[in-house]
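Every chain is numbered from 1 and lettered A, B, ... according to where its sequence line falls, protein lines coming before strand lines.
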Number of protein chains: 2
Amino acid sequence: MALRHAVLAALLDGEYSGYQLAKIFDLSVSNFWHAVPQQLYSELAKLETEGLISGRQIIQHDRPNKRVYTVTPAGIDELERFAAVPAKPGIIRENLLVMVQAVDHISAPAVITQLESRALVAAAKVELFERTLQHLRGDLDEEEYLRNASPVGPYLTCLRGRRFEQENYEWFTSTARLLRMRAGIQAEGETSA
Amino acid sequence: MALRHAVLAALLDGEYSGYQLAKIFDLSVSNFWHAVPQQLYSELAKLETEGLISGRQIIQHDRPNKRVYTVTPAGIDELERFAAVPAKPGIIRENLLVMVQAVDHISAPAVITQLESRALVAAAKVELFERTLQHLRGDLDEEEYLRNASPVGPYLTCLRGRRFEQENYEWFTSTARLLRMRAGIQAEGETSA
DNA sequence: CATGATTAGTCAGCATTTTGACTAGGATTG
DNA sequence: CAATCCTAGTCAAAATGCTGACTAATCATG
């Protein structure tokens, strides 16, 4: 019973189908919760039978019909209870860091390549979050938005996500550079003097 | 088949028992891989039957005997193969951020309390990592350590962990303060003018 | 005008993770 | 000197997560 609260929290923000939710999870929600589409479909079904969300069919003529969901008052109550008990500490699983942990014992170039490609991914995510934040706050500046605007929750989690990816970018980049240097490998664009 | 590489990577650094490894996972390794003790015991058993680690019994008289493990050459090969294929993107699951995402719809004080208590935890982790880094580098300064010293992998992942917890601390703290302000709740120590 | 991408899912089943209960002896603390 | 903590695990079962295969219609591309 863990995914359910992430789904409920994501649905607070609008009426979405499983398919749409899968995209949202892939982008913004992945900052604090990871889930693959199939998990969402089955969790939505369970949440609906439990009455925490309610779905309705949308007939579409240009593309397949879909079922969109909204959080019910019972769903809000569930979130309320969820927030009342201490959250379990967060978990991280990052294979690339496992590789770096082992880098003294294995071939460094493989790890360096991965660091460099993940740095690009991280940079793209930073930009995406940047745009999301701009979009959320519209023409207000950040301070004003934070002071008054609503909803503020998604903005705050997005701030955390952006920061996380910024730090990822910097660590991936500097770690790759360092390992290159130690291995005596020239970075792309560098030349030996 | 994912935990196995984290276990192998952790064991590169010395000869540990399941029990010791559980503590190590709880502290430093949790920066990049989360696992509970029972997972480690069963994973160690599997790794040993597969010949990727080898264990030996240590007879102790003052406390229960234990079985300690070291990575075999086959285990190193396994890590090598692991590093040769692109790592899956990392995953995060953080219930406290789920609560913040939902904060506009639920009781804010519950969330604020949790943010404040997790800020303390994060601050303690920062200090722990700080001490770990100092211990690893001994009397060298960081630049020199990074340039030459060995092993460098655990130092690098610890740097990432420290940074992550620093950012957690700052985000928890500033988010709690902001939510207090928006709710019109005085922070501890503050007084209304 | 065929090929592939996108939307919008379903179904079955394996794999992994987590929880909880239990053992057992020595060390520590009130 | 009884109660609790720490070391060092084992076992079974429940809960959760993930993979892969499949359907089916429309839209975009070459």
Side-chain angles (χ1 to χ4, degrees), chain A residues 1-8 11 15-27 29-30 32-50 53 55-69 82 85-95 98, chain B residues 1-7 15-27 29-30 32-50 53 55-69 85 87-95 98:
Chain A
M1 311 276 166
L3 172 60
R4 56 197 310 101
H5 301 114
V7 171
L8 288 170
L11 277 178
E15 203 183 27
Y16 298 117
S17 67
Y19 189 81
Q20 289 175 290
L21 213 46
K23 306 216 147 173
I24 293 169
F25 263 71
D26 205 33
L27 303 176
V29 175
S30 60
F32 54 89
W33 206 270
H34 166 83
V36 297
Q38 174 50 30
Q39 285 178 270
L40 300 176
Y41 285 121
S42 59
E43 194 66 40
L44 286 168
K46 264 194 286 181
L47 287 168
E48 191 175 17
T49 65
E50 292 175 40
I53 60 178
R56 65 192 181 88
Q57 189 81 2
I58 303 270
I59 311 296
Q60 299 182 121
H61 300 290
D62 47 343
R63 55 191 62 187
N65 295 338
K66 63 182 177 179
R67 189 169 184 80
V68 297
Y69 301 91
F82 166 64
V85 302
K88 293 190 208 172
I91 74 164
I92 295 192
R93 294 198 160 113
E94 175 57 272
N95 279 319
V98 173
Chain B
M1 309 276 165
L3 173 60
R4 55 198 310 102
H5 301 114
V7 170
E15 203 184 27
Y16 299 116
S17 67
Y19 189 81
Q20 290 175 290
L21 213 46
K23 306 215 147 175
I24 293 169
F25 264 71
D26 204 33
L27 304 176
V29 175
S30 60
F32 55 89
W33 205 270
H34 166 85
V36 296
Q38 175 50 29
Q39 285 178 271
L40 300 176
Y41 286 122
S42 61
E43 193 66 40
L44 286 168
K46 264 193 286 181
L47 287 168
E48 191 175 17
T49 65
E50 292 174 41
I53 61 178
R56 65 192 180 89
Q57 188 80 4
I58 303 270
I59 311 296
Q60 297 182 119
H61 300 292
D62 48 343
R63 56 190 64 186
N65 296 337
K66 63 182 178 181
R67 188 169 186 78
V68 296
Y69 301 91
V85 303
K88 292 191 210 170
I91 75 165
I92 294 192
R93 294 199 161 111
E94 176 56 272
N95 278 319
V98 174

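- In this structure, B/Val29 and B/Leu21 have side chains that are not in contact, with every pair of non-hydrogen atoms separated by 4.5 Å or more.
- Between the side chain of B/Glu48 and the backbone N or O of B/Ala45 there is no donor-acceptor pair closer than 3.5 Å.
- Between B/Ile59 atom CD1 and C/dA24 atom P there is a gap of 18 Å when expressed in whole angstrom units.
- How far CD of A/Gln57 is from CG of A/Asn65: 5.5 Å, rounded to the nearest 0.5 Å.
- A heavy-atom distance below 4.5 Å is found between the side chains of B/Leu3 and B/Leu40.
- Nearest heavy atom pair, residue A/Asn95 against residue B/Ala87, reads CB-CB, 3.8 Å.
- A straight line from CD of A/Gln39 to C1' of C/dT16 spans 12 Å, rounded to a whole angstrom.
- With C/dT17, C/dT19, D/dC18 as the candidates, the nucleotide lying closest to the side chain of B/Arg93 is D/dC18.
- If you measure from atom CD1 of B/Ile58 to atom C1' of D/dG9, you get 15 Å, rounded to the nearest angstrom.
- Nearest heavy-atom pair, A/Ala6 versus A/Trp33, reported as atom, atom and distance to 0.1 Å: CB-CG, 3.6 Å.
- Each of B/Lys46 and B/Val36 was assigned the nucleotide of DNA chain C with the nearest heavy atom; the assignment lying further toward the 5' end belongs to B/Lys46.
- Between A/Ile24 atom CD1 and A/Gln20 atom CD the span is 6.5 Å, to the nearest 0.5 Å.
- D/dT7 atom P lies 12 Å from atom CG of B/Asp26, rounded to whole Å.
- Residue-to-nucleotide proximity on DNA chain D shows that, of B/Gly18 and A/Ala2, the 5′-proximal contact is made by B/Gly18.
- Between the C1' atom of C/dA15 and the NZ atom of B/Lys88 lies a distance of 11 Å, rounded to the nearest Å.
- Regarding A/Arg4, its CZ atom lies at a distance of 15 Å from the C1' atom of D/dG17, rounded to whole Å.
- Between A/Lys23 and C/dA8 there is no side-chain N or O to OP1 or OP2 distance below 4.0 Å.
- Under 4.0 angstrom from either OP1 or OP2 of C/dG9 there lies at least one side-chain N or O belonging to A/Ser17.
- Across B/Leu47 and B/Arg4, no two heavy atoms sit closer than the pair CD2-NH2, 3.8 Å.
- Neither OP1 nor OP2 of D/dA8 sits under 4.0 Å from any side-chain N or O of B/Gln20.
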Polar atom pairs between nucleotides 10-13 of chain D and protein, under 3.5 Å, N or O only, would you list them?
{"from": "D/dC11", "atom 1": "N4", "to": "B/Gln38", "atom 2": "OE1", "distance (Å)": "2.8"}

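- A/His34 approaches B/Arg93 most closely through the heavy-atom pair O-NH2, 2.8 Å.
- Listed nucleotides D/dA8, C/dT18, C/dA8 differ in distance to A/Ile91; the shortest reach to its side chain belongs to C/dT18.
- The nearest whole Å value for the distance from the OH atom in B/Tyr19 to the C1' atom in C/dG26 is 13 Å.
- Looking at every heavy atom in both residues, B/Gly18 comes nearest to B/Tyr69 through N-CE1, 4.4 Å.
- Heavy-atom distances under 4.0 Å link DNA chain D to B/Arg63, B/Pro64, B/Asn65, B/Lys66, B/Arg67 of residues 61-68 of chain B, given in residue order.
- Put simply, CD on A/Glu43 is 16 Å from P on C/dG9, counting in whole angstrom units.
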